Structure formats: C-alpha cells, structure tokens
There are 2 protein chains.
Amino acid sequence: MTLQPFNIGGLSRQTGVNIETIRYYEKIGLLPPPARSQGGFRQYEDRHLQRLRFIRRGRDLGFSIDSIRALLTLAERPDSPCEGADQMVLLHLDEVERKIADLTLLRAELRKMKNCCGRVVAQCQIIGSLVAPRE
Amino acid sequence: MTLQPFNIGGLSRQTGVNIETIRYYEKIGLLPPPARSQGGFRQYEDRHLQRLRFIRRGRDLGFSIDSIRALLTLAERPDSPCEGADQMVLLHLDEVERKIADLTLLRAELRKMKNCCGRVVAQCQIIGSLVAPRE
DNA sequence: CGTTGACTCTGTAGTGGCTCCAGGGTCCAT
DNA sequence: ATGGACCCTGGAGCCACTACAGAGTCAACG
Ligand SMILES: [Zn+2]
Ligand SMILES: [Zn+2]
Ligand SMILES: [Zn+2]
Ligand SMILES: [Zn+2]
C-alpha cells in the first residue's frame, strides 16, 4: 500500500490542506515531523496522509485544534471507551446550534433593516436603526 | 441634556462595552479621543456615548469594524444618499445567510455522527467518520 | 555536465477583534 | 492623610492560519 514518500506539495494536493498550514500543524505538534531528504525536504508517508485527513475532516466539522488533538489521542487507543468523543460531539453540536440561533436572529434584524426607501441618510432606516434601534 | 463628563468606566457601564475595548477603539481611530482630566483620565461626553452605542449595535449585528467605520462616515453626512448603507446591509445579509447555510450542513453532519452506540474507540462511529467519512 | 524552473526551506510578521497583564498614577470620601 | 476604587500606558497573547523574503534543492532536458 505504501508507495514512495512524497513531498509537502503532494501531501497538500492529496488533502486540500495548504502547505503553510501543514508546516504550521507540524510546528504546533499536531502532525508528527516526517523524515527529511538529504537536502532537507520533508518526506511524508501514508500515516501522515491518514492523520492529516483526519485533521482536515475535524476542521471542516468546525472542531477546534485542541478538540482534534484530543480526538486523535483517543483514536490511537482503539480499546479505550469512546465517551470522550461522544461528549465532544454533543458539546460541539450545542455550540453550532447556538450559533445558528444567533445568526437567525441577526438575519431577522437585517431583513427588517433592509427595507430602506432609498433616499438620504437623514431618513435612512438603516442608519436610523443603528442610531436608535426600533422596538 | 449633557451632564457632567464621565470616566471610561461610566461609558463602559452605559454601553456594555469593555473598558479595554473602548481604548482599543480609540487607538484604531473609531472613537475620537476625549478630553483628559488634569491627571490624565479620559473625560467622555454625550457624543462619545452616542457614537459608541452606534458602534456597539453595528458589532452586535455582525458588521466588521471597517463597515462600521464606513457607516459612521455616512451617518455624519445626513444629506448624502444612503445607497452605500443599503448595499452594505444587503452584502452582510448575504454573508449571514451563507453562514447559516454552512452551519446547517454542519449540524446535519454532527447529528449523523452523534448516534454512537457508546462502547469502544475501535467501533466508535464518531472516530470512524473522522477516519473515513461515510457516504 | 550545466541550466532551467518548479519546488521547498526557515523565520518572521500580519490578520481581526479583542483581552489580559504588570507596574504604576489619580481621585475622592472619610 | 489614607484607603480603595478607579484609571493610565505599553506590550503580549489569543485563534488558526496566511503571506512574505531570501535562500536552497531537485529532476528533467539539452
Ligand atoms: Zn466546538
Ligand atoms: Zn437608506
Ligand atoms: Zn459583513
Ligand atoms: Zn463512540
């Protein structure tokens, strides 16, 4: 399964993660440092690809770096109980639901505001509602 | 209408804006520098209160500092046309709607994930879907 | 073997919008 | 005169990247 090791550019293309971001993940200890070529190029293997894909999915799901760190640690111990992961998903789901609720209120406010007759600042509803919000 | 000038703490209490944030707004030129007492304390007047409330409302509505800057500039010219403000609200509404859509997708993903039988990492759906997402 | 050009390296600084801190100074009521 | 609440400045830190500058490496082509 494991082919030749590949450079950072290859890893980037295979995961959709920016090269700078990959180096950043290494710096903060999220991605283990790979072997190096004679000239100092990073040489990645399959395990890096797997791990970075995991990270990427976690980020796409909106988990913080710290949460992903915890999930990775967990994933490395297949025999341990998975309550921790379950908790994290529930917490994060709460967070996301709260954000949706907040943004939905915001959207309602903005929709109320946008019905501006379109004339002059002095009569503008938008400016007006920033100066003193309507009930 | 205008009473005694008040200190930064008073302004903070009347607007709900953190003291550090008020100083930050002054530093970036969003709030004009007030007069100072002999000992160097900031002495705010009504106009600062008005302006900071405007800023606060804009932030609560999710506008960026730059947008608020533009809205304030506009608000100062009551005779100019208000198209700029209208545009900004529409753009921002778009942004908010996109964010809601993104988060709604996220929520669906997370809800799918959370049905974990609750045993061991090796069989955990959560870890599993991070390692390789289901279709 | 030499050159080209794509790729990679390190280190540092910047983004937005704050937030926190240390180490001092001020104000006013008692 | 003293205590305690308040305020000052300057700088660092937060998150998760992103964007350089200036140098070095690699592989293919001629
Ligand atoms: Zn979360
Ligand atoms: Zn208008
Ligand atoms: Zn916006
Ligand atoms: Zn589980």
Side-chain angles (χ1 to χ4, degrees), chain A residues 4-31 33-45 48 51-52 54-72 92 95-96 99 102 106, chain B residues 4-31 33-45 48 51-52 54-72 88 91-92 95-96 99 102 106:
Chain A
Q4 308 286 32
F6 36 92
N7 286 342
I8 200 167
L11 185 59
S12 173
R13 273 187 299 278
Q14 288 183 263
T15 54
V17 177
N18 209 316
I19 289 180
E20 324 269 55
T21 306
I22 294 174
R23 286 197 283 250
Y24 168 72
Y25 286 162
E26 182 180 328
K27 199 169 81 185
I28 64 171
L30 200 57
L31 197 60
R36 298 283 186 133
S37 75
Q38 295 230 322
F41 282 25
R42 288 173 179 82
Q43 295 184 301
Y44 291 102
E45 298 161 48
H48 296 102
R51 195 173 167 103
L52 187 52
F54 187 107
I55 295 167
R56 175 81 215 253
R57 287 188 196 110
R59 292 295 299 133
D60 283 352
L61 288 167
F63 287 101
S64 70
I65 297 282
D66 271 2
S67 299
I68 291 170
R69 218 186 281 274
L71 287 168
L72 277 165
H92 187 48
E95 236 176 85
V96 169
K99 265 186 207 161
D102 288 355
L106 218 66
Chain B
Q4 308 286 34
F6 36 92
N7 286 342
I8 199 167
L11 185 59
S12 174
R13 274 187 298 279
Q14 288 184 265
T15 55
V17 177
N18 208 316
I19 289 180
E20 323 270 52
T21 306
I22 295 173
R23 286 198 282 252
Y24 169 72
Y25 286 164
E26 181 181 327
K27 199 169 81 185
I28 64 171
L30 200 56
L31 197 61
R36 298 284 186 131
S37 75
Q38 295 228 321
F41 282 24
R42 288 174 179 82
Q43 296 184 301
Y44 292 101
E45 300 160 48
H48 296 102
R51 194 172 167 106
L52 187 53
F54 187 108
I55 294 168
R56 175 82 216 252
R57 287 188 195 110
R59 291 296 298 136
D60 283 351
L61 288 167
F63 287 101
S64 70
I65 298 281
D66 271 3
S67 299
I68 291 171
R69 218 186 279 275
L71 287 168
L72 277 166
M88 286 173 51
L91 276 176
H92 187 48
E95 237 176 85
V96 169
K99 265 186 206 160
D102 288 355
L106 218 65

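Residue numbering restarts at 1 for every chain, and letters A, B, ... go by the order of the sequence lines. All figures in this text were calculated on a predicted structure; none of them were measured in a lab.
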Nearest 0.5 Å please: distance from the [atom1] atom of [X] over to the [atom2] atom of [Y].
{"X": "B:I22", "Y": "B:I55", "atom1": "CD1", "atom2": "CD1", "answer": "9.5 Å"}
{"X": "B:R51", "Y": "B:L11", "atom1": "CZ", "atom2": "CG", "answer": "12.5 Å"}
{"X": "A:T21", "Y": "A:L52", "atom1": "OG1", "atom2": "CG", "answer": "9.5 Å"}

**Prompt:** How close do A:G10 and A:F6 get, heavy atom to heavy atom, and via which atoms?
**Reply:**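 For A:G10 and A:F6, the tightest heavy-atom pair comes out as C-CD1, 4.3 Å.
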Integer-rounded Å distance: [N] [atom2] and [X] [atom1]:
{"X": "A:Y25", "N": "D:dA16", "atom1": "OH", "atom2": "P", "answer": "9 Å"}
{"X": "A:Q43", "N": "D:dT25", "atom1": "CD", "atom2": "P", "answer": "14 Å"}
{"X": "B:E26", "N": "D:dC8", "atom1": "CD", "atom2": "P", "answer": "9 Å"}
{"X": "A:I55", "N": "D:dA16", "atom1": "CD1", "atom2": "C1'", "answer": "13 Å"}

**Request:** Give B:I28 one of three labels, base, sugar-phosphate or nothing, depending on what nucleic acid heavy atoms sit under 4.0 Å from its own.
**Result:**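 The answer is nothing, as B:I28 stays clear of every strand by at least 4.0 Å.
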**Asked** So, is B:S37 close to the D:dC7 phosphate, meaning a side-chain N or O under 4.0 Å from OP1 or OP2?
**Response**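 It does not, given that no N or O in the side chain of B:S37 lies less than 4.0 Å from OP1 or OP2 of D:dC7.
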**Prompt:** Looking at residues at least two apart in the chain, or sitting in another chain, which of them share a side-chain contact (heavy atoms from CB on, under 4.5 Å) with A:R56?
**Reply:**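 Applying side-chain contact (heavy atoms from CB on, under 4.5 Å) to A:R56 gives A:V17, A:D60.
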**Residues in contact with DNA chain C, drawn from residues 6-17 of chain A - heavy-atom cutoff 4.0 Å** =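 Per residue number, the list reads A:N7, A:I8, A:G9.
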**Side chain B:H92, main chain B:L61, donor-acceptor under 3.5 Å** =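 The answer is yes, because a donor-acceptor pair under 3.5 Å joins these two groups.
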**Request:** Determine, for nucleotides 9-15 of chain D in 5'-to-3' order, which nucleotides have protein heavy atoms under 4.0 Å from the base (write B), from only the sugar-phosphate (write S), or from neither (write -).
**Result:** B------
Heavy-atom check, side chain of [X] versus side chain of [Y], under 4.5 Å:
{"X": "A:Y24", "Y": "A:N18", "value": "no"}
{"X": "A:I65", "Y": "A:R59", "value": "yes"}
{"X": "A:I28", "Y": "A:R69", "value": "yes"}

**Asked** Which pairs pass side chain to side chain donor-acceptor pair (under 3.5 Å) with one or both residues in residues 5-15 of chain A, sequence neighbours excluded?
**Response**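 Pairs touching residues 5-15 of chain A that pass the test: none.
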**Request:** Walking along DNA chain C from 5' to 3', note the first and the last nucleotide with an atom under 4.0 Å from a heavy atom of chain B, and give both.
**Result:**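 Here the contact window of chain B covers C:dG17 to C:dC27.
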**Request:** Report the residue (A:F41 or B:G39) whose heavy-atom-nearest nucleotide on DNA chain D is the more 5′ of the two.
**Result:**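 Its nearest nucleotide being more 5', the pick is B:G39.
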Give every donor-acceptor pair under 3.5 Å between a side-chain atom in residues 33-44 of chain A and any protein atom, sequence neighbours left out.
from	atom 1	to	atom 2	distance (Å)
A:R36	NH1	A:G40	O	2.8
A:S37	OG	A:G39	N	3.3
A:S37	OG	A:G40	N	3.3
A:S37	OG	A:F41	N	3.0
A:R42	NE	A:E26	OE1	2.8
A:Q43	OE1	A:S37	N	3.4

